[in-house]
Q: 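Provided herewith is a single structure, encoded as structure tokens, for subsequent inquiry.
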Amino acid sequence: MSRNGPLALAYHALFVVFMLTPILVVCWVAFTPEGFLSFPVRHWSLRWFYAIGRYPEFVSAFWRSLGLGALSSALAVAVSVPAALAIARHQFAGREAMTTLFMSPLMIPHVVLGIAFLRFFTEIGLGGTFAGLVLSHIVIVLPFALRLTLASAVGLDSRIEHAAVSLGASEATVLKRITLPLVLPGLVSGWALAFINSFDEVTMTVFIAAPGTETLPVRMFLYIQDNIDPLVTSVSACVIAITVAALIALDRAYGLERLLVGKGSHGR
Amino acid sequence: MAFLALDNLSKRFGTQTAVDGLSLGVEKGEFISLLGPSGCGKTTTLQMIAGFVEPSSGAIRLEGEDLLAVKPAKRGLGIVFQSYALFPHMTATENVAFGLEMQGIAAAERARRVADALELVGLGAFAARYPRQLSGGQQQRVALARALVIRPRILLLDEPLSNLDAKLREEMQIELRQIQRTVGTTTILVTHDQAEAMALSDRVVVMNKGRAEQIATPLEAYEHPATAFVASFLGKTNLVNGVAVRPERIAFAAAGLVGTVRTRIFQGNHWLYQVDTASGLVTVIRQNTGDAMPEEGAAVHLVWEARA
Amino acid sequence: MKSTPYLLALPALLLFAAIVIVPLGMTVVLTFHDWGQYKGIEPVFILKNWREVFSDSYYAEMFERTFRIALLVTLFSAVFGAPEAYILSRMRSPWRGIFLLVILGPLLISVVARTLGWALLFGGSEGLVNKALMELGLIDTPLPFMFTETGMVVALVHVLMPYMVLSVWAALQRLDPQVENAAIALGAGPFTVMRRIVLPQAMPGILSGAVIVFALAASAFATPAIIGGRRLKVASTLAYDEFLNTLNWPLGAVVAVLLLVALVIIVVGANRLVERRYGQVFR
């Protein structure tokens, strides 16, 4: 196994600095005592963390984003599973076209979807409602959920199910004891990927969210359009801290390297 | 002086010793096998000759020249990798031509030699195919042609046949031996398959735990194993009262060691017996001549056939 | 049963018909409606909006800017991201996993926060980026980053880089490490190995990463909005303005539909090209 030379490692170091600096700067500025956005920071205070308490719309937007992500991802997975089974297990007319349709939200610019949803929801009376947000988020995260459920449905050897049937298992038992446990990892990672994409979505949501239904990224975006105080940096720092904590918890539970690099990477 | 000399070669990875003081002389044109179970150090030895692993101590000399001072790219060795390691984005022709290109051989001669090499391995008709479009056996032949076309001073084969099915493996063994005879390249084969090593090699190096247990012709190693490890690794063997006896050297007779047949298995050209005796369980192999043979549970007498 | 797959896919099909196809169709219809400051949207069929976008050079410039930025972002992420993916693939455990996380991790952080980070770093002539560049002697006078295309490109390269690294990384994962050894044994030097062996095999990954990055860069919204402000518009931010500030929805819809059509043509075309070039070699 070859290793990287000093030049490669120097490049790597610069690259990591490039990737991390803007994020670290946001966290750093969050501790400013000043009333405006500026960098570098010479003194520090928790002023802007306490300030979050005075803006309940940020806190409620955070909870709304969590709920929206969890719900729309779960519904996207629920809709994806039968669709994935259809695509993975059956040959039928329109199979390719159907796959393209379900993957299309990846290719359609979110600004276009935002405009389309704004017009559509306004017409049918869902404008600015949470239900509208959920429907639109199901659509934009479905490709992620479908891709991973599809991968596990394709990877599922149907002979295993046949083996269970030959041992006397009923169809329901096969589904419960064999099929679901085998595709479960795919469903969970599909849900997680969908959740991340829903939680960070801003471009489409900014069109359809109303003052009572803003998500956290939308609230942050709109806030820095009109204000130049450091509130958004402290909010960002909190979200980053929560993200890092969640990653560490995931690592403890499952081992992130295994999830990222894959299981077979230690062999030759 | 030997054509290729490994002198007291050792490789340690941390606290583990992969190769432990290996010395070996290979003659020009010889086909030699490094044979042993996985982890015996045979692949590490090959990689040290190729230059992908640096020895902890010892020397490697090729025609008297210190090979360790030469970069891997300049050693001029032909290597066939276990995974074949074909360039997936190049056709068979481009794969074989790559080494000649690196040597700066002119296009016309290059084309001629590539065509000859592909012809030699019987792939003339598949020259324009990409590796993905070739079967495992064909990929293997491209890898062989790629290694041979540069006229290497030594051909290194790293378990080249292990990814083929049994029937194809046998065919390729015969072909490999013929090709090696034709071109006369000094060849080192790494394998864990004793039948393959014995079928192909002029001499075998039986390795265990980083050491060479025996260096001998296949026949000599089989008939006169230097150690119990060599005896057991090179085929089925019985240890009767501390003496190693090959199962095919034991016969049924009217008198001799008393025993009872525990199991017998018909294997087409021969019978395989397990016989309980006072000296322990003895394995016996007898040619199938079509005659009736002792059945399970029968009382038998065993004798040790002297050599004909 | 023949109808089984359709029944299985029915929920998803219904959802997409109702929530994707109908709204997109309505948007296309919207582009032909009339709009006036006082009368609002009038459901008539006219080509006024399309004529306006095609005749006013302001829109041509804006689309040109959008795709110029997308192209530069794609180019820079390929040039800088592909080597990093290669370096990552050669790292040993556990470093490989740690740095993969460091580089892909920013995807988990809101694009608003990441862009704000760049806005703080650019921060006029006093910004840290300018100070660093001047310290290094790369520039004499501060470069304008805020409200410029340069700033947008830098921030978008950062925002979209993980997609490129991930894509190249995936291609390199399939690479047999012995292939590089085989080339070395045949006499290839490190540069030749890189150019003739590694790069061609990474190419499908680079190209598919480029398609993703280009599509996302051309339709990016939050980053151009924050870095470009109200002065420097791209297609997404212009459409946003027409919808939520000017309220000329039909005109905004024309811009959005044009962006969609252009992207579909470019992405489908690029995919065809990649398929034709690499279809028989890989997979």
Side-chain angles (χ1 to χ4, degrees), chain B residues 43 46-47 49-53 70-91 94-105 128-134 139 142-160 163, chain C residues 78 82-83 85-86 89-95 167-210 270-283:
Chain B
T43 298
L46 189 92
Q47 287 186 322
I49 300 172
F52 301 135
V53 169
V70 184
K71 279 188 184 167
K74 299 285 171 214
R75 292 191 185 189
L77 310 180
I79 307 175
V80 175
F81 293 85
Q82 183 170 11
S83 64
Y84 313 143
L86 294 178
F87 309 132
H89 56 296
M90 298 185 193
T91 61
E94 288 165 346
N95 262 282
V96 178
F98 187 84
L100 298 177
E101 251 179 86
M102 294 302 115
Q103 292 178 356
I105 307 275
R129 297 252 186 121
Y130 285 98
R132 282 254 161 132
Q133 301 164 323
L134 296 170
Q139 290 182 21
V142 175
L144 186 62
R146 184 177 71 179
L148 284 173
V149 75
I150 59 168
R151 294 179 188 149
R153 292 194 284 179
I154 301 177
L155 180 63
L156 301 176
L157 307 171
D158 182 7
E159 305 260 10
N163 288 336
Chain C
Y86 180 63
S89 73
R90 285 159 65 102
M91 279 189 176
R92 292 180 195 196
S93 181
W95 300 112
S167 176
V168 180
W169 158 267
L172 291 174
Q173 281 298 90
R174 279 175 299 193
L175 216 125
D176 175 359
Q178 284 194 333
V179 166
E180 280 177 61
N181 277 344
I184 292 168
L186 290 166
F191 181 70
T192 310
V193 171
M194 194 63 65
R195 193 175 59 87
R196 297 279 310 271
I197 307 298
V198 178
L199 191 61
Q201 293 190 82
M203 214 51 188
I206 296 175
L207 290 177
S208 67
N271 279 336
R272 285 265 163 82
L273 220 68
V274 173
E275 278 291 312
R276 197 174 312 156
R277 177 70 184 79
Y278 293 100
Q280 57 172 350
V281 184
F282 297 100
R283 122 183 54 234

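Protein chains get the first letters and strands the later ones, always in sequence-line order, with residue 1 at the start of each.
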Q: Rounded to the nearest 0.5 Å, how far apart are CZ of B/Phe52 and CG of C/Asn181?
A: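 The distance works out to 4.0 Å.
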
Q: Can you tell which part of B/Arg146 gets under 4.5 Å to a heavy atom of chain C, answering side chain, backbone, both or neither?
A: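 Backbone plus side chain of B/Arg146, per the 4.5 Å heavy-atom cut-off to chain C.
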
Q: To check you understand the geometry: which heavy-atom pair defines the closest contact between C/Ala188 and B/Ala73, and what is its length?
A: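 Distance-wise, the nearest heavy atoms are O-CB, 3.6 Å.
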
Q: How close do C/Gln178 and B/Ser83 get, counting heavy atoms only, and between which atoms?
A: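 Looking at all heavy atoms of both residues, the shortest contact is OE1-OG, 2.8 Å.
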
Q: Quick check against the 3.5 Å criterion: does B/His89 have a side-chain atom that pairs as donor or acceptor with the backbone of C/Arg196?
A: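 Yes; at least one donor-acceptor contact below 3.5 Å.
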
Q: Relative to chain C, which segment of B/Ile79 carries a heavy atom at a distance below 4.5 Å: side chain, backbone, both, or neither?
A: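 Only the side chain of B/Ile79 comes within 4.5 Å of chain C.
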
Q: At a 4.5 Å cut-off on heavy atoms, which part of C/Asp176 comes close to chain B: side chain, backbone, both, or neither?
A: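 When you check distances to chain B, only side chain atoms of C/Asp176 fall under 4.5 Å.
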
Q: Show the nearest heavy-atom pair for residues B/Met90 and C/Ile197, with the distance to one decimal.
A: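 What the structure gives for the nearest pair is CE-CD1, 3.8 Å.
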
Q: Is any side-chain heavy atom of C/Ile184 closer than 4.5 Å to a side-chain heavy atom of B/Lys71?
A: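 No, their side chains stay 4.5 Å or more apart.
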
Q: For B/Glu101, is it the side chain, the backbone, both, or neither that has a heavy atom closer than 4.5 Å to a heavy atom of chain C?
A: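 Side chain of B/Glu101 only, per the 4.5 Å heavy-atom cut-off to chain C.
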
Q: Going by the salt bridge (charged side-chain N to carboxylate O under 4.0 Å, His left out) test, which pairs reach into residues 199-208 of chain C, not counting sequence neighbours?
A: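 Every pair satisfying salt bridge (charged side-chain N to carboxylate O under 4.0 Å, His left out) with a residue in residues 199-208 of chain C: there are none.
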
Q: Please identify, among C/Val193, C/Val179, C/Thr192, the residue contributing the most non-hydrogen atom pairs under 4.5 Å to chain B.
A: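 Among C/Val193, C/Val179, C/Thr192, the one with the most close pairs to chain B is C/Val179.
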
Q: Checking heavy atoms, do the side chain of B/Leu86, its backbone, both or neither come under 4.5 Å from chain C?
A: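 For B/Leu86, backbone heavy atoms alone lie under 4.5 Å from chain C.
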
